[in-house]
Novice: 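Quick one: the structure is below, questions incoming.
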Amino acid sequence: SVTLRLLIGLDPPDSGSIRFDGRELVGLSEGELLPVRRRIAMLFQSGALFDSMSVFDNLAFPLRERGGLAEAEIRGIVHAKLAQVELEPSHGRLLPANLSGGMVKRVSLARALALSPDLLILDEPTAGMSHSEPSRFVELSREVTVGKTLLTVEHDMGVVFGLADKIAVLVYG
């Protein structure tokens with residue numbers, strides 16, 4: 001998780017180098033990091049949805065922040081992303097507190113994909129799910145991220161094997 005936070009610039013490294021697509025990230029200002037961050041989306045372990053916003057507004061948030069889209073376009077993208085993660089448009093009216101752990105992760109996945117990132121980072125994507133939900137989440141993630149690069153931190157090796165083409169194991173940091 002620390003490695004992921006370092007990669008997207010949420011935490012500065014004590015030393016070393018971080019490169020993304022051939023570009024050194026260490027030492028870049030917030031403004032210089034912005035174009036890099038726009039190419040990366042992250043699904044946080046907690047889901048990181050805004051509690052006070054509906055599911056629809058959580059998905060629409062990054063689209064509105066980026067700008068350049070009419071509300072009708074945003075609505076279409078939100079409904080398409082909800083459908084991709086097997087949620088109905090009616091789920092858009094709900095608050096995150098009314099969702100199961102698996103539904104929170106699916107909404108978070110849809111929000112992460114809304115801006116079509118080049119790299120999708122998943123931090124413990126199945127944490128907090130009931131026993132039956134992780135395997136379906138893995139299948140769904142593979143379906144909706146075809147052609148995307150995924151970087152996943154996960155302790156459940158079944159999830160790792162289900163998502164990964166290449167695996168690196170960090171031992172003792």
Side-chain angles (χ1 to χ4, degrees), residues 1 4-5 7-10 20-21 33-154 156 158-165:
S1 295
L4 300 182
R5 293 178 58 81
L7 177 62
I8 61 174
L10 292 177
F20 178 75
D21 201 19
L33 272 174
L34 189 58
V36 175
R37 284 183 175 150
R38 286 188 170 164
R39 297 181 55 206
I40 302 171
M42 184 160 175
L43 191 157
F44 291 89
Q45 183 174 347
S46 65
L49 298 177
F50 298 110
D51 293 337
S52 61
M53 289 184 183
S54 69
V55 165
F56 181 94
D57 286 331
N58 265 282
L59 267 68
F61 183 81
L63 299 166
R64 290 176 178 145
E65 285 295 305
R66 170 91 37 104
L69 297 174
E71 277 300 310
E73 291 174 283
I74 291 172
R75 187 171 35 263
I77 293 169
V78 168
H79 287 156
K81 294 303 173 189
L82 285 172
Q84 272 191 304
V85 297
E86 301 177 342
L87 295 172
E88 300 294 327
S90 61
H91 287 107
R93 294 189 296 268
L94 299 174
L95 291 174
N98 300 116
L99 304 175
S100 70
M103 289 173 80
V104 165
K105 292 298 176 87
R106 287 189 281 153
V107 170
S108 299
L109 178 61
R111 183 180 62 187
L113 293 172
L115 294 175
S116 300
D118 295 324
L119 171 62
L120 179 60
I121 298 173
L122 307 173
D123 186 12
E124 296 283 346
T126 61
M129 290 185 182
S130 68
H131 180 69
S132 62
E133 293 176 311
S135 61
R136 181 59 195 134
F137 183 84
V138 168
E139 290 173 30
L140 184 63
S141 295
R142 288 190 65 86
E143 291 168 15
V144 301
T145 60
V146 171
K148 302 258 181 233
T149 299
L150 300 179
L151 177 59
T152 306
V153 169
E154 177 63 62
D156 181 334
V159 171
V160 171
F161 292 133
L163 285 174
D165 295 319

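Along the sequence shown, residues carry numbers from 1.
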Novice: What distance separates S116 OG from I77 CD1, expressed to the nearest 0.5 Å?
Specialist: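 Reported to 0.5 Å precision, the distance equals 8.0 Å.
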Novice: Calculate, to the nearest 0.5 Å, the distance between atoms CZ and CG belonging to R93 and N98 respectively.
Specialist: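 It comes to 12.0 Å.
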Novice: Who passes salt bridge (charged side-chain N to carboxylate O under 4.0 Å, His left out) against R38, sequence neighbours left out?
Specialist: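 Salt bridge (charged side-chain N to carboxylate O under 4.0 Å, His left out) check on R38 returns nothing, list empty.
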Novice: For Q84 versus V144, what's the shortest heavy-atom pair and its separation?
Specialist: O-CG1, 3.3 Å
Novice: Before accepting this row, confirm whether a basic side-chain N of the pair R142/E139 lies closer than 4.0 Å to the acidic partner's carboxylate O.
Specialist: no
Novice: Would you name the heavy atoms of V104 and P96 that are closest together and state the gap between them?
Specialist: CG2-O, 4.0 Å
Novice: Who pairs with R111 by side chain to side chain donor-acceptor pair (under 3.5 Å), at least two apart in sequence or on another chain?
Specialist: N58
Novice: Taking the side chain from H91 and the backbone from E88, do they hold a donor-acceptor pair closer than 3.5 Å?
Specialist: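 Yes; at least one donor-acceptor contact below 3.5 Å.
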Novice: How would you list, by chain and number, every residue that makes a side chain to side chain donor-acceptor pair (under 3.5 Å) with T126, sequence neighbours excluded?
Specialist: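 Partners of T126 under the side chain to side chain donor-acceptor pair (under 3.5 Å) test: E154.
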Novice: Would a 4.5 Å heavy-atom cut-off, applied to side chains only, mark T152 and V160 as touching?
Specialist: no
Novice: For I121, check side-chain contact (heavy atoms from CB on, under 4.5 Å) against everything at least two apart and list the hits.
Specialist: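 Checked I121 against side-chain contact (heavy atoms from CB on, under 4.5 Å); matches are L4, L7, I8, I40, M42, L119, L151.
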Novice: Check whether any side-chain heavy atom of L163 lies under 4.5 Å from a side-chain heavy atom of S141, and answer yes or no.
Specialist: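 The answer is yes, as the side chains (C-beta and beyond) meet within the 4.5 Å cut-off.
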Novice: Quick one: closest heavy-atom pair of L59 and A110, and the distance?
Specialist: CD2-CB, 3.7 Å
Novice: Indicate yes or no: at least one non-hydrogen side-chain atom of T149 is less than 4.5 angstrom from one of D118.
Specialist: no
Novice: To check you understand the geometry: which heavy-atom pair defines the closest contact between L95 and S54, and what is its length?
Specialist: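 Taking every non-hydrogen atom into account, CD2-N, 3.8 Å.
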Novice: Less than 4.0 angstrom from a charged side-chain N to a carboxylate O is my criterion; do E143 and R136 meet it?
Specialist: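 Here E143 pairs with R136 in a salt bridge, since their nearest N and O are under 4.0 Å apart.
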Novice: Taking all heavy atoms of L63 and all of A114, pick out the closest pair and write down the distance.
Specialist: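 Where L63 meets A114 most closely, the heavy atoms are CD2-O, 3.7 Å.
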Novice: Can you name the side chain to side chain donor-acceptor pair (under 3.5 Å) partners of D21, sequence neighbours left out?
Specialist: R39
Novice: Any idea which heavy atoms bring F137 and P125 closest together, and the distance?
Specialist: CE2-CB, 3.5 Å
Novice: Roughly how far, to the nearest 0.5 Å, is CG of L109 from CZ of R106?
Specialist: 10.0 Å
Novice: Going by salt bridge (charged side-chain N to carboxylate O under 4.0 Å, His left out), name the pairs with one or both residues in residues 46-74, residues two or more places apart or in two chains.
Specialist: D57-R64, R64-E71
